[in-house]
Amino acid sequence: VDEDIPSDRAAPGDGPPEDGAGSQASAASPDAEVGGMLAEMSALRRRVRSDRHAYWLPLLLFGLIGLGSVPFNLSNPGLHFLGGNHGFACTDYATPAFPALDGPNGCPTPLTGLLGLYWLLALTGGFLVVLTWYRAYARRSGVTSRARATVITGIALTVAAVVVPPLAQAVGYPFELGIPYLAFFTFRGTYPFFIIAVSICVLAWAERSRALTMIAITYLAATMTAGLYDVQNVVSRLGYWSDSQWYRYVPNMALPTGVLLLSGAAVALVRLRHRPSAVAR
Amino acid sequence: MTSGVPEIPAESAQPKHPTNGIDERVHQRHRLGVLTITAEAERAEFGYLREALGLTPGNLSRHLAVLEEAGLVMVEKGYHGRRPRTWVRITRQGRAALAAEMATLTELLRQHRAQPRATAAD
């Protein structure tokens, strides 16, 4: 059950205009009066919650951003989707510009060398789009969410991913700072998905949505699985493709990205069918 | 030492009736509605409150004035393009007052519902 769909659109002030305490006078029993008041407040709370939910766009947006990272994760030989083997030679990126955002090791192509830059621009741009979206949505609906917290979290983690590695290396630490298992995320190039996952968890808190909380937990689990577990090897062992193929890293990207795209599309569809009155005005 | 006169229990020892804790500024359907809406959103627009509570602009303004004077909400005026917009935000005091009112109402309801059973048991 998605709590986005209001089951009750009761407006407590539907009665005649009142002048202050007048609305408290009622012929109903105190039990019914108090119970009715509590039910009205509960219905109001559900209505406001439904009216301010606008999280389908961040889900779809970050799903598309994840999808956009796939070409950067293809390894040589051959970018077949461009029409054949272009014969890129392995390029030596000994010191990647953004080690926490860059892709997995292997045989990098000119595109894979730009993966870190892609994530930096896509994440920063994505979070700014989310901020703009929520501001515009608040003006339209009349109620605002605490989406700023999501944007601050996302941008802070992105900036940390860019700033911390060179600083750590400058003082002689490994760039993962010895944080347990963090190396798995950077090794497989899934750390950016982790940034998105944490931000969506913060968004679930800001939106106070059970549906989004479930999506955030599922996405976080998918990201952890892709980062900590060798999804590409599992898929390879199942016989779907060889681990040596040029798209061998795609399963790592596909798992979290698929969760976001599917859930975002489902939420958008439900939203389209049950448009809140505050937005439809 | 006892005097033989039965002791009158101190007032504080008696169970307090839930209505003793009612704040008259909050215990009003529409003002409670304003607090409920603004507690659920970061802030709510005047037009949204008016429509959700089914109030006239004048009525809503009067309720907001009461709540603002009590420090339970903050009213922010601004513009969106050339259109003036008024936003209402709940304060920390407002959240506390809302929580207290909801607790009082829930307790009142619980006591009312428990009463017939207690009477029947006698």
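Reminder, nothing fancy here: chain letters follow the sequence lines and each chain counts from 1.
Other residues, nucleotides and ligands contribute at most 12 non-hydrogen atoms within 6.0 Å of the CD atom of Glu69(B). Within 6.0 Å of the CZ atom in Arg89(B), the count of heavy atoms belonging to other residues, nucleotides or ligands exceeds 12. In this structure, Arg95(B) places its CZ atom where more than 12 heavy-atom neighbours from other residues, nucleotides or ligands lie under 6.0 Å away.
Shortest non-hydrogen contact noted between Leu105(B) and Val34(A) is O-CG1, 3.3 Å. A pairwise comparison of heavy atoms in Leu109(B) and Gly35(A) identifies CD1-N, 3.8 Å as the closest pair.
Expressed to the nearest 0.5 Å, how far CG of Leu44(A) lies from CG of Leu49(B) amounts to 9.5 Å. Once rounded to the nearest 0.5 Å, the distance linking CG of Asp51(A) with OH of Tyr48(B) reads 3.5 Å.
With a 4.5 Å cut-off on non-hydrogen atoms, Thr106(B) touches chain A through its backbone and its side chain both. The parts of Arg45(A) that come within reach of chain B are both its backbone and its side chain, each placing non-hydrogen atoms under 4.5 angstrom from that chain. Contact annotation for Ser145(A): only backbone heavy atoms (N, CA, C, O) come within less than 4.5 Å of a heavy atom of chain B.
The greatest number of non-hydrogen atom pairs below 4.5 Å with chain A, out of Glu40(B), Met102(B), Arg43(B), is found for Glu40(B).
Using a distance-only test at 3.5 Å, with no hydrogens or angles considered, no donor-acceptor pair links the side chain of Arg52(A) to the main chain of Ala44(B).
Tested against Thr36(B), the residues Glu40(A), Arg47(A), Met41(A) include a single side chain to side chain contact (heavy atoms under 4.5 Å, CB included) partner, Met41(A).
Residues Thr38(B) and Val48(A) have side chains not in contact (no heavy-atom distance under 4.5 Å, counting atoms from C-beta outward).
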